[in-house]
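As structure tokens, the structure follows; a few thoughts come after it.
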Amino acid sequence: MVEAIAMAHGWEMQHDPAVVVIGEDVGANGGVFRATQGLQQRFGAERVQDTPLAEAAIAGVAIGMAAQGLKPVAEIQFMGFLYPALDQIINHMSRMRHRTRGRLTCPIVMRMPHGGGIHAPEHHSESVETLLCHVPGLRVVSPTSPARAYGLLLAAIRDPDPVMFLEPTRLYRASRQEVPDDGRALPLDQAFVLREGSDVTLVSWGAMIAETLQAAAELADAGIDAEVIDLATLSPVDAATILDSVAKTGRLVIVQEAARNVGVGAEIAAIVAEDGLFDLLAPIRRVAGYDTVMPLYRLERDYIPSVRRIVDAVRSTVADSR
Amino acid sequence: MVEAIAMAHGWEMQHDPAVVVIGEDVGANGGVFRATQGLQQRFGAERVQDTPLAEAAIAGVAIGMAAQGLKPVAEIQFMGFLYPALDQIINHMSRMRHRTRGRLTCPIVMRMPHGGGIHAPEHHSESVETLLCHVPGLRVVSPTSPARAYGLLLAAIRDPDPVMFLEPTRLYRASRQEVPDDGRALPLDQAFVLREGSDVTLVSWGAMIAETLQAAAELADAGIDAEVIDLATLSPVDAATILDSVAKTGRLVIVQEAARNVGVGAEIAAIVAEDGLFDLLAPIRRVAGYDTVMPLYRLERDYIPSVRRIVDAVRSTVADSR
Amino acid sequence: MRTVIEFRVESLQRLDPDGNAVGELPAFALDPDEVLRMYGAMTLARAFDTKAVNLQRTGQLGTYASCLGHEATHIGIGAAMRAEDVLAPVYREVGTQLWRGVTMREILLYWGGDERGNDFSGPRADFPWCVPIATQTLHAAGAAMAFKIRHEPRCAVATIGDGGTSEGAFYEALNVAGARALPVVFVVVNNGWAISVPVAAQTAARTLAQKAIAAGIPGLQVDGNDLFAVREAVSAALERARGGGGPTLVEALTYRLSDHTTADDASRYRSAREVDDARALEPLLRTRRFLEKADRWNADRERALLEECAGSIDAAVADYLAAPRPSTDAMFDHLFANLPERIREQRIAARRHAGTGGH
Amino acid sequence: MRTVIEFRVESLQRLDPDGNAVGELPAFALDPDEVLRMYGAMTLARAFDTKAVNLQRTGQLGTYASCLGHEATHIGIGAAMRAEDVLAPVYREVGTQLWRGVTMREILLYWGGDERGNDFSGPRADFPWCVPIATQTLHAAGAAMAFKIRHEPRCAVATIGDGGTSEGAFYEALNVAGARALPVVFVVVNNGWAISVPVAAQTAARTLAQKAIAAGIPGLQVDGNDLFAVREAVSAALERARGGGGPTLVEALTYRLSDHTTADDASRYRSAREVDDARALEPLLRTRRFLEKADRWNADRERALLEECAGSIDAAVADYLAAPRPSTDAMFDHLFANLPERIREQRIAARRHAGTGGH
Ligand SMILES: Cc1ncc(C[n+]2csc(CCOP(=O)(O)OP(=O)(O)O)c2C)c(N)n1
Ligand SMILES: Cc1ncc(C[n+]2csc(CCOP(=O)(O)OP(=O)(O)O)c2C)c(N)n1
Ligand SMILES: [Mg+2]
Ligand SMILES: [Mg+2]
């Protein structure tokens with residue numbers, strides 16, 4: 001996936017001179033995960049800039065550049081280091097268009113690795129999409145394959161508003177896929193149905209899609225036919241796709257790596273309890289990170305939802321059906 | 001309410017020499033809302049300190065003090081200025097105990113005005129409790145009357161862990177109530193049933209409790225008997241009280257001032273859709289701030305849920321019952 | 001111990017409190033029409049400010065941050081900038097904004113709780129009012145970065161208060177601007193107070209200009225009640241920035257003669273004596289004295305100017321008061337270029353309940 | 001222009017790269033046993049560090065941040081502090097931590113992904129490793145504030161990297177410490193690089209010591225490969241802080257001889273030549289030369305020391321490797337003093353699925 005991300009940067013920088021890349025170690029080093037590999041050599045040190053080590057500055061400078069006509073793509077090195085930038089993102093980036101009645105805008109992409117599972121040090125494994133999803137004026141997007149990373153990142157850069165782009169760390173090098181470098185974007189605000197099924201709807205996003213698909217395969221062996229939805233845009237969610245699916249299956253299990261409490265999964269459950277309640281044959285279930293700190297790596301596999309937990313939740317859901 | 005808050009500070013500082021107060025303008029000025037009125041005169045400029053204008057510093061210094069045995073009560077001037085402090089709160093305050101296996105702890109209260117409705121300038125009317133409620137290791141509390149402000153603030157200061165204390169701005173001077181200065185705390189982690197009823201459960205918190213109670217009164221006139229729950233501790237929520245209520249009423253309407261998307265209301269809806277689904281006679285409804293920026297004050301009354309919106313939502317819920 | 005490097009902070013004054021020139025006046029100060037233009041702008045700023053406070057007191061405007069006493073700093077900055085430069089102001093730079101073409105109606109709309117006030121008809125690229133302290137300094141740095149990348153001969157100017165210099169964002173802005181030699185000027189408007197906190201409680205630094213040293217950029221002090229010194233210093237900084245010489249920090253020493261905002265009561269924390277002393281140094285008086293000494297001003301002209309100001313202010317106020325309440329839809333306008341489906345639904349719902357709220 | 005204030009940054013060296021004394025040595029450097037004790041600690045830090053990198057390479061430890069080349073700075077800081085002082089380190093201060101009594105087993109546990117490593121059995125009040133850059137400086141300021149309020153004669157010491165000086169939190173900490181005259185010492189460990197970004201790209205400031213000027217506090221540079229200079233400067237700063245004289249910033253100039261961490265490949269962004277040049281200045285060699293010249297050291301003693309280090313390291317590693325995996329419950333232990341009901345339920349659920357995850 002990480003090559004697809006670098007490739008999308010390259011395409012767009014080639015075709016749009018307003019696109020600039022900023023972040024810590026994005027230049028000579030090509031990013032700590034190599035997501036900006038080769039860009040500085042290709043486009044120069046003005047358009048691909050290492051910033052001083054300051055996340056508020058990365059976001060704030062991006063806002064200033066964007067308001068004056070550039071399209072910054074900014075990398076935050078890990079999502080756990082996003083917090084110093086939140087003031088700029090929430091108080092300015094998300095509302096510059098609104099505040100100025102469209103006079104100044106923030107066509108910015110903030111990219112950052114998301115989630116755990118790679119035995120990283122403390123603060124390098126966070127899934128705190130909630131903090132961004134709750135903020136009006138932001139789009140939050142997360143890709144789950146190299147092709148979707150390429151297509152969604154292009155869409156994010158081209159979008160005239162700020163997009164938070166969460167890259168699942170443990171998918172960076174998980175799978176190989178030939179992605180044509182054709183400049184074709186995928187749609188934002190739209191979920192992808194990765195697997196059709198009739199017995200239960202599984203909604204997930206980010207790296208958890210892998211476990212969710214595996215669980216669906218195991219469930220199929222056991223005669224339970226799961227539909228798998230990749231949320232893709234985590235905010236605002238594509239409610240229609242989810243509601244349509246639940247109308248068909250009657251059951252909903254949400255899988256998220258983030259802590260359960262006030263997660264995006266809660267929003268999805270709430271939407272269905274509001275607009276699809278009478279379709280439900282069984283209680284909704286959330287399989288989620290526990291409401292505790294993401295532990296250091298010796299315990300991370302106990303924290304991140306396992307295939308087993310998903311399968312068990314689906315089985316209970318089916319068992320609890322009326 | 002604001003006098004009750006100053007009184008609770010006074011009691012606890014008098015009885016616990018470890019309690020110190022820090023924040024912008026909390027000293028001679030007594031806080032911009034006068035919530036720390038008179039404290040510096042009474043306890044001196046070491047225990048009641050104006051800080052330089054820097055919210056990350058307020059939180060970070062509080063952490064350092066707390067880890068070395070003090071109990072800081074820190075004021076953030078408005079919730080919209082909390083963001084620079086989030087890094088310290090999320091990466092350190094919420095997890096110091098966990099990280100050090102109990103060796104160092106953060107018995108800190110972060111107080112801040114919450115919500116709109118007082119015709120304040122931009123950024124002074126925010127309801128972003130979601131950002132705190134999602135963070136494991138924090139308690140988030142909001143009082144809705146002078147007596148609860150006094151009792152819950154005492155509980156928050158005495159709690160050995162960090163408590164985010166959200167004070168509803170438009171209740172600061174809304175009602176007068178004699179509150180005895182007796183040092184009695186109220187329980188955390190517990191919702192308050194403010195009104196018993198049998199037809200529908202209304203869950204709310206903060207300033208919206210006022211509109212919710214008024215809606216309940218109007219509904220009673222129309223023959224709909226609403227139970228009103230004041231969440232009080234917004235995270236972790238007292239699920240048992242809510243589930244018991246819904247088991248009785250069969251209907252749930254959640255009222256929040258915050259933007260709807262991934263709000264605390266979503267969590268409550270999700271809990272009931274998981275653990276109380278078969279009790280529900282009607283879809284859950286959320287009456288919430290819209291998923292847009294809190295507007296400047298000329299439109300804030302269109303943004304903040306009105307009594308009418310709550311009443312309409314309850315009526316629809318009753319009408320939609322199976 | 002070996003000395004590695006040395007620094008000094010210098011201070012500039014061109015007009016003393018009695019209106020006498022100090023040292024060699026810059027060219028613009030020798031052009032009486034230009035001085036009159038600036039004096040007129042200062043006078044308008046003060047008259048408008050007085051009116052705005054009154055509107056608030058009579059319930060016709062929301063909380064408002066007065067600029068009383070800041071006029072020399074504000075107009076000095078404005079006059080030093082070119083139209084194509086970009087301003088990133090705080091919430092108090094009324095004078096600079098008026099100079100740059102933000103209308104009084106727009107200013108009133110904003111403080112009257114209406115986002116349309118931020119849609120400046122004049123300086124289209126200027127940043128809107130900035131309330132979260134110090135954040136605007138990074139926007140100015142970013143704007144300057146854009147100008148630099150595009151090789152445009154434009155500069156950004158950010159203002160910030162003395163209290164604002166305690167926020168980390170301010171130092172990050174100075175540092176990134178220094179590290180990348182960005183065409184930006186930071187003006188610290190040191191008015192002595194951050195609400196109730198005096199500068200001495202804010203920092204142990206004896207000047208705020210010396211904060212520039214942390215970023216390796218030049219910093220200097222000017223008398224912020226001295227129109228000529230402010231304009232001269234900011235002009236020089238802009239010239240250097242435009243020529244590729246990088247950023248400068250200018251500390252303008254002035255005094256907040258008003259309460260912090262109309263929601264504040266400064267008598268709770270500072271003495272009347274202090275305010276009186278400061279009033280003696282205020283900027284309009286000394287500019288007027290300068291003009292009088294040059295025989296360019298008298299009571300009649302002053303009266304005529306005040307009348308002219310009052311006329312344009314009254315017209316703007318009438319315009320403001322006549323502005324219809326924004327529609328409920330305005331909450332959703334401009335949230336996104338492409339409003340997502342879920343939020344379109346909310347817009348419809350909001351119309352249904354428009355005007356039912358009680359606040 | 002009138003000069004308002006002047007500053008200078010000074011630099012201290014006591015031991016040149018050849019191990020010769022420069023100027024007048026402080027008392028501790030004239031006590032051979034004390035120097036041997038510090039040299040032994042530097043040697044242990046290096047040997048332990050080498051072992052930790054090897055453990056990572058062989059899959060027995062997580063990502064690890066080597067302290068190769070930082071030993072003089074680390075031990076100089078440690079030796080200057082009193083036991084009752086408090087350290088707020090970053091992720092690289094292995095030497096200082098060992099000196100203060102953090103055990104090798106604890107260090108390995110932490111980098112081996114186990115929170116128990118932060119439950120220091122030695123310096124109970126020291127702050128744990130701090131990964132979010134610069135945040136620890138505010139903890140040190142807060143600790144110092146606690147000491148000051150309680151009138152305890154204790155100090156806090158925070159370390160921070162060169163890259164870390166770009167974060168706003170760092171300046172906020174300097175500023176609040178200066179404004180309240182807190183007993184805290186900030187040591188900037190300037191090792192030339194922040195991952196791939198050299199200091200010159202991080203800031204236009206020619207020294208990092210001059211960042212102190214922004215806060216109105218003293219700042220000085222020391223040769224960070226010079227054990228004596230580091231200890232002398234930090235000792236003096238601590239003495240002043242303890243006496244009520246407020247904070248100091250010490251910039252220690254050293255070099256990161258290793259990759260940034262074991263996850264990094266420094267050859268992507270810096271030349272072997274630069275590293276070779278820096279290696280010639282490294283701290284162990286020059287301390288050894290000093291001891292040799294004083295006839296207090298020879299190859300035999302060196303061999304014996306290395307063996308002793310290896311022995312204690314091997315024992316600690318064995319201990320670490322034998323530590324049982326924490327129980328699933330450990331995820332919930334110490335989250336709160338009083339675990340709320342909803343999370344107690346999750347603890348039970350977690351037990352049911354313990355060990356089913358695949359990562
Ligand atoms: C981040 C942030 N924190 C707190 C506030 C509340 N506040 C508004 S103005 C002010 C004082 C600002 O003082 P200064 O920077 O000196 O500017 P002045 O008002 O004197 O022009 C404070 C604390 C804010 N607007 N933003
Ligand atoms: C807030 C934050 N942003 C980014 C990172 C990722 N990161 C870890 S170390 C590092 C470079 C630090 O450089 P420096 O401060 O010079 O310390 P050194 O590693 O050289 O000791 C970066 C960017 C982080 N840990 N925290
Ligand atoms: Mg001020
Ligand atoms: Mg470094």
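Order of the sequence lines fixes the chain letters, A, B, ..., with proteins taken first and strands second; residue numbering starts at 1 for each chain. None of these values were measured; they are calculated from a predicted model.
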Using side-chain contact (heavy atoms from CB on, under 4.5 Å), reason through A/Arg260 and D/Ile343 one step at a time and then give a plain yes or no. CA-CA 10 Å; A/Arg260 166 188 311 254; D/Ile343 305 180; over 6 Å; no

Name, in order of residue number, those residues of residues 124-132 of chain A that have a heavy atom at a distance of less than 4.5 Å from a heavy atom in chain D; otherwise write 'none'. A/His124

Residues of residues 22-37 of chain A with a heavy atom under 4.5 Å from any heavy atom of chain D, in residue-number order, are A/Asp25, A/Ala28, A/Asn29, A/Gly30, A/Val32, A/Arg34, A/Gln37

Please check this pair: side chain of [X] against backbone of [Y], looking for a donor-acceptor N/O pair closer than 3.5 Å.
| X | Y | value |
| --- | --- | --- |
| A/Arg308 | D/His353 | no |
| A/Asp302 | D/Gly355 | yes |
| A/Thr292 | D/Met331 | yes |
| D/Glu115 | A/Pro295 | no |

Report which part of [X] has an atom under 4.5 Å of a heavy atom belonging to chain D: side chain, backbone, both, or neither.
| X | result |
| --- | --- |
| A/Phe81 | side chain |
| A/Gln49 | neither |
| A/Asn261 | neither |

Rounded to the nearest 0.5 angstrom, the CD-OH distance for A/Glu122 and D/Tyr91 is 13.5 Å

Rounded distance (nearest 0.5 Å) linking atom CZ of A/Arg301 with atom OG1 of D/Thr328: 9.0 Å

Closest approach of [X] to [Y] (non-hydrogen atoms, all atoms of both residues):
| X | Y | answer |
| --- | --- | --- |
| A/Tyr297 | D/Trp111 | CE2-O, 3.6 Å |
| A/Pro52 | D/Ser166 | CB-OG, 3.6 Å |
| A/Leu53 | D/Glu167 | O-CG, 3.2 Å |

So, do D/Arg352 and A/Arg309 sit near enough that their side-chain heavy atoms are less than 4.5 Å apart? no

Can you tell which of D/Asp264, D/Thr261, D/Leu335 has the highest number of heavy-atom pairs within less than 4.5 Å of chain A? D/Leu335

Return each pair, listed once, that meets salt bridge (Lys or Arg N to Asp or Glu O under 4.0 Å) where at least one residue sits in residues 328-350 of chain D; pairs must be two or more places apart or across chains. D/Asp329-D/Arg351, D/Glu341-D/Arg344

Counting only non-hydrogen atoms closer than 4.5 Å, can you tell me which residues of residues 48-68 of chain D sit against chain A? D/Leu61, D/Gly62, D/Thr63

Taking atom CZ of A/Arg42 as the centre, does the number of heavy atoms from other residues, nucleotides or ligands within less than 6.0 Å exceed 12? yes

For chain D, the option from A/Leu299, A/Leu296, A/Asp50, A/Val293 that forms the most heavy-atom pairs under 4.5 Å: A/Leu296

